[in-house]
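The residues of the chain are indexed from 1 along the displayed sequence. Computed from a predicted structure; not experimentally measured.
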Amino acid sequence: QVQVVESGGGLVQAGGSLRLSCAASGSSFSSSTMVWYRQVLGKQREVVATISSAGSTNYAAAVKRRFTISRDSVKNTLYLQMDSLKPEDTAIYYCNSFTAAFKWGQGTQVTVSA
């Protein structure tokens, strides 16, 4: 079954950086628009950033100019470089294709302290 596994989260102080990874199985990764989402307990999952198969990117206003999404289609891996982190970035981060073609992973917890 095609699935994703997120990693790279952790505890960081405000202003710090983290790099998240999302390893995808199956052959559809390279042709899929991929998405990083985040979710705070009790709130809806929200889109953080997207990247098309051709490499075009889009970002939520809250993370623009601080986060960078990228992909390595040889390694079937999606990345999210997060700089200048803020406490409001604290959430569980998930990845999936735009059509949710992969089985959802457990996500990776990002906690930013003030």
- Query: How far does CZ of F102 sit from OG of S32, to the nearest 0.5 angstrom?
  - Reply: 5.0 Å
- Between M34 and N96, does a side chain to side chain contact (heavy atoms under 4.5 Å, CB included) hold up when you go through it step by step? CA-CA 6 Å; M34 295 299 295; N96 211 320; 5.6 Å; no
- Message: Could you tell me if the side chain of F67 sits less than 4.5 Å from the side chain of L80, heavy atoms only?
- Response: yes
- Item | Non-hydrogen atoms of V4 and E6 that approach each other most closely | CG2-OE2, 3.9 Å
- Query: Can you find a side-chain donor-acceptor pair between D72 and T77 that sits under 3.5 Å?
  - Reply: no
- Message: I'd like to know if V12 and V48 are part of one continuous hydrophobic network [Ile/Leu/Val/Met/Phe/Trp/Tyr, side-chain heavy atoms within less than 4.5 Å].
- Response: yes
- Looking at F29, is R71 sitting on its ring face, NZ or CZ under 6.0 Å from the six-membered ring centre and within 45 degrees of the normal? yes
- Message: Strictly distance-based, threshold 3.5 Å: is any side-chain N or O of R65 a donor or acceptor partner for the main-chain N or O of A61?
- Response: no
- Note on the structure: Correct closest heavy-atom pair for Y59 and T68 would be OH-CA, 3.4 Å
- Item | Gap between atom OG of S17 and atom CE of M82 - 0.5 Å precision | 8.5 Å
- Which atom pair, heavy atoms only, marks the closest approach of L18 to L85? N-CD1, 3.9 Å
- Item | Neighbour count above 12 (heavy atom, 6.0 Å) for Q106 CD | no
- Between S27 and S30, the two heavy atoms sitting closest are O-OG, 3.9 Å
- Message: If you apply the rule side chain to side chain contact (heavy atoms under 4.5 Å, CB included), what do you find for E46 with V40, and how did you get there?
- Response: CA-CA 9 Å; E46 63 176 4; V40 176; over 6 Å; no
- Task: Establish, from distance only, whether the side-chain atoms of R38 and Y93 form a donor-acceptor pair under 3.5 Å.
- Result: yes
- Query: Using the ring of each side chain (for Trp, its six-membered ring), is Y94 parallel, tilted or perpendicular to W104, with breaks at 30° and 60°?
  - Reply: perpendicular
- Short side-chain to backbone donor-acceptor contact, S73 and N76, under 3.5 Å: no
- Task: Rounded to the nearest 0.5 Å, what's the gap from CD1 on I69 to CH2 on W36? Could you check?
- Result: 8.0 Å
- Message: Please determine whether side chain to side chain contact (heavy atoms under 4.5 Å, CB included) holds for the pair V112 and L11, giving the CA-CA distance in whole Å, both sets of side-chain angles, and the decisive distance to 0.1 Å.
- Response: CA-CA 6 Å; V112 184; L11 173 63; over 6 Å; no
- Message: Please give me the minimum heavy-atom distance between A114 and A14, naming the atom from each residue.
- Response: CA-CB, 4.4 Å
- Write down the atom of T108, the atom of S7, and the distance for their closest heavy-atom approach. OG1-C, 3.9 Å
- Query: Between NZ of K103 and CD of Q3, what distance do you get to the nearest 0.5 Å?
  - Reply: 6.0 Å
- Query: When rounded to the nearest 0.5 angstrom, what is the spacing between CD1 in I51 and OG1 in T57?
  - Reply: 6.5 Å
- Taking everything shown except Q13 itself, do over 12 heavy atoms lie less than 6.0 Å from its CD? no
